[in-house]
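Only a predicted model underlies this, so the values are computations on that prediction, with no experimental measurement involved. All residue numbers refer to positions in the sequence shown, counting from 1.
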Amino acid sequence: LDLSGVGRDLLPFTVDIASGKHGRRIPGSGIPIRPVEDLRAARPDVVLVLTWDIADEVIGQLEAGGGWGAQYLVPLPTPRLIDGTAA
């Protein structure tokens, strides 16, 4: 993220299921790591999924129980945009 120039102005926070990471920051960019519940509460239109290798699992967990109609941008290995309602 830091090498790409992505900061808090573009990505206000990230989330992780691991509670030990909550309250920490992404090195270089300083983007805070928060609980997944914060993402659900924020209900963004587009969610950037950086864990591309387990993107389907992550999206499935976020969409469990109905989701909120977000789209999911998975940048690697080839960029793709996934409609949450179709997940």
Please say yes or no: joined through hydrophobic side-chain contacts below 4.5 Å, possibly via intermediate residues, are [X] and [Y] part of one cluster?
{"X": "Leu48", "Y": "Val46", "answer": "yes"}
{"X": "Leu1", "Y": "Phe13", "answer": "no"}
{"X": "Val58", "Y": "Val36", "answer": "yes"}
{"X": "Leu50", "Y": "Val74", "answer": "no"}
{"X": "Ile59", "Y": "Leu39", "answer": "yes"}

Might you confirm whether atom CG of Leu81 has over 12 heavy atoms from other residues, nucleotides or ligands at distances under 6.0 Å? yes
**Study point:** Other residues, nucleotides, ligands: >12 heavy atoms within 6.0 Å of Arg24 CZ
**Key:**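 No, CZ of Arg24 has 12 or fewer neighbouring heavy atoms, counting only those of other groups under 6.0 Å.
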Are the side chain of Thr14 and the backbone of Pro32 linked by a donor-acceptor contact shorter than 3.5 Å?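 Yes, the answer is positive, given that a donor and an acceptor are paired below the 3.5 Å cut-off.
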| task | Verify, without hydrogens or angle tests, whether Trp68 (side chain) and Pro44 (backbone) share a donor-acceptor contact under 3.5 angstrom. | result | yes
The salt bridge (charged side-chain N to carboxylate O under 4.0 Å, His left out) partners of Arg80 (sequence neighbours excluded) come to Asp56
(Q) My understanding is that only one of Asp38, Val15, Ile26 makes a side-chain contact (heavy atoms from CB on, under 4.5 Å) with Ile33; could you say which? (A)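 The side-chain contact (heavy atoms from CB on, under 4.5 Å) with Ile33 is passed solely by Ile26 among Asp38, Val15, Ile26.
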Residues at least two apart in sequence or cross-chain that pass side chain to side chain donor-acceptor pair (under 3.5 Å) with Asp2, listed by chain then number, are none
Applying side chain to side chain donor-acceptor pair (under 3.5 Å) to Asp16 and not counting sequence neighbours gives Lys21
Rounded distance (nearest 0.5 Å) linking atom OG of Ser4 with atom CG of Leu11: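 If I round to the nearest 0.5 Å, the distance is 11.0 Å.
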Heavy-atom closest contact ([X] atom, [Y] atom, distance):
{"X": "Arg25", "Y": "Arg8", "value": "NH1-NH1, 3.7 Å"}
{"X": "Arg40", "Y": "Gln61", "value": "NH2-O, 3.1 Å"}
{"X": "Gly84", "Y": "Tyr72", "value": "CA-CE1, 3.6 Å"}

Side chains of Asp45 and Gln71: closer than 4.5 Å at any heavy-atom pair?
-> no
